[in-house]
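Okay, so here's the structure we're looking at.
Residue numbers count from 1 along this sequence.
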Amino acid sequence: AVVAVATTSTLLQEWLGRRGGDPAWLYAASNAGSLGGLTAYVLLVEPTLALETQGRWWRWGVASWGGMMMITSLFFFRNCIQKPASIPVKLHIEKILVWMLMGAVPCFFLMAATRHLVTDVAPVPLLGLSPLALYLVAYTLAFGRGDQRLPSLLQPIAGLALLLMAGMGATDSRLGGAAPVVILHLAGFFLVSWGALAGQAASRPEPALLPAFYLATAVGGALGGTAQSTLAPVVFRWLGDWDYALGLAVLMLATPSGW
């Protein structure tokens, strides 16, 4: 059920693309919905509902989702405008690798930021959800904007935030303790993630290749997360996986087009 629900955004974008529309806003809407679900679960569902009740509501939700998907599919295929067959576009392996890299680095940075905040800066309850929430906000902004590039004024600000993040300790006394460090890290993480995901959004292909694009970025994200949790603490032990994530972010941010 989880895998089926996770394919909803890509499937709907494929359907909308067949009708000639720009489906990017659906991806932004799905991430906004994920942010709303995360917030609602933490603030409302988990504190008030028992696990058995949550499971019951989940089953009803999945059933409702299935019904809505059936209605949507019937509406689409009944009203679908058949577009003339287009010439197949050859997909090069270099493009797939670029998409995978664009999916891997932000996920690596997300997991590194989360680990660093909750283990090195401040082990505060729910603080570990802050990077994920900001990541979803960045996703929504990146895919919901007409101009999908990070505004030029924010690039030097993101670079400055990265320099400050790399140059301070976990609880730098010069800033008055952990709170300013947390705020600065979250702000820098948000700006860099927005830039990375804006570049990912700008690299979207034509609708016919969207499934390959989302598959490549998803595989890249999984590989990036796996590398951060399993390989980075061992391979980069002398450097620190957080510093390595900063280095990757700087490297990608410093490209001529900014991702």
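Listed by first and then second residue, the side-chain hydrogen bond (donor to acceptor under 3.5 Å, both in side chains) pairs that reach into residues 33-48 are Tyr41-Gln54, sequence neighbours excluded.
Leu134 is linked by a side chain to side chain contact (heavy atoms under 4.5 Å, CB included) to Leu186, Phe189, Phe190, counting only residues two or more places apart in sequence or in another chain. Taking the ring-ring contact (aromatic ring centres under 6.0 Å, His included) definition, one finds that Tyr139 meets it with Tyr27, Tyr135, Phe143, sequence neighbours left out. Under the rule for a side chain to side chain contact (heavy atoms under 4.5 Å, CB included), the partners of Ala32 that lie at least two apart in sequence or sit in another chain are Thr140. Evaluation of the side chain to side chain contact (heavy atoms under 4.5 Å, CB included) rule for Arg59 yields Arg56 as partners, not counting sequence neighbours. Contacts of Met69 classified as side chain to side chain contact (heavy atoms under 4.5 Å, CB included), with partners at least two apart in sequence or in another chain: Thr8, Leu11, Leu12, Trp15, Trp65.
Hydrophobic side-chain contacts under 4.5 Å tie Val118 to no other Ile, Leu, Val, Met, Phe, Trp or Tyr residue.
In this structure, CG on Leu223 lies 10.0 Å from CG on Leu231, to the nearest 0.5 angstrom.
In this structure the side chain of Leu129 reaches within 4.5 angstrom of the side chain of Leu38, judged on heavy atoms. Residues Gln200 and Phe213 meet the side-chain proximity criterion, which asks for heavy atoms closer than 4.5 Å.
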Donor-acceptor pairs under 3.5 Å, side chain of residues 98-111 to any protein atom, not counting sequence neighbours: which ones?
| residue | atom | partner | partner atom | Å |
| --- | --- | --- | --- | --- |
| Trp99 | NE1 | Ser203 | O | 3.4 |

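Here the side chain of Thr53 pairs no donor or acceptor atom with the backbone of Leu49 at under 3.5 angstrom.
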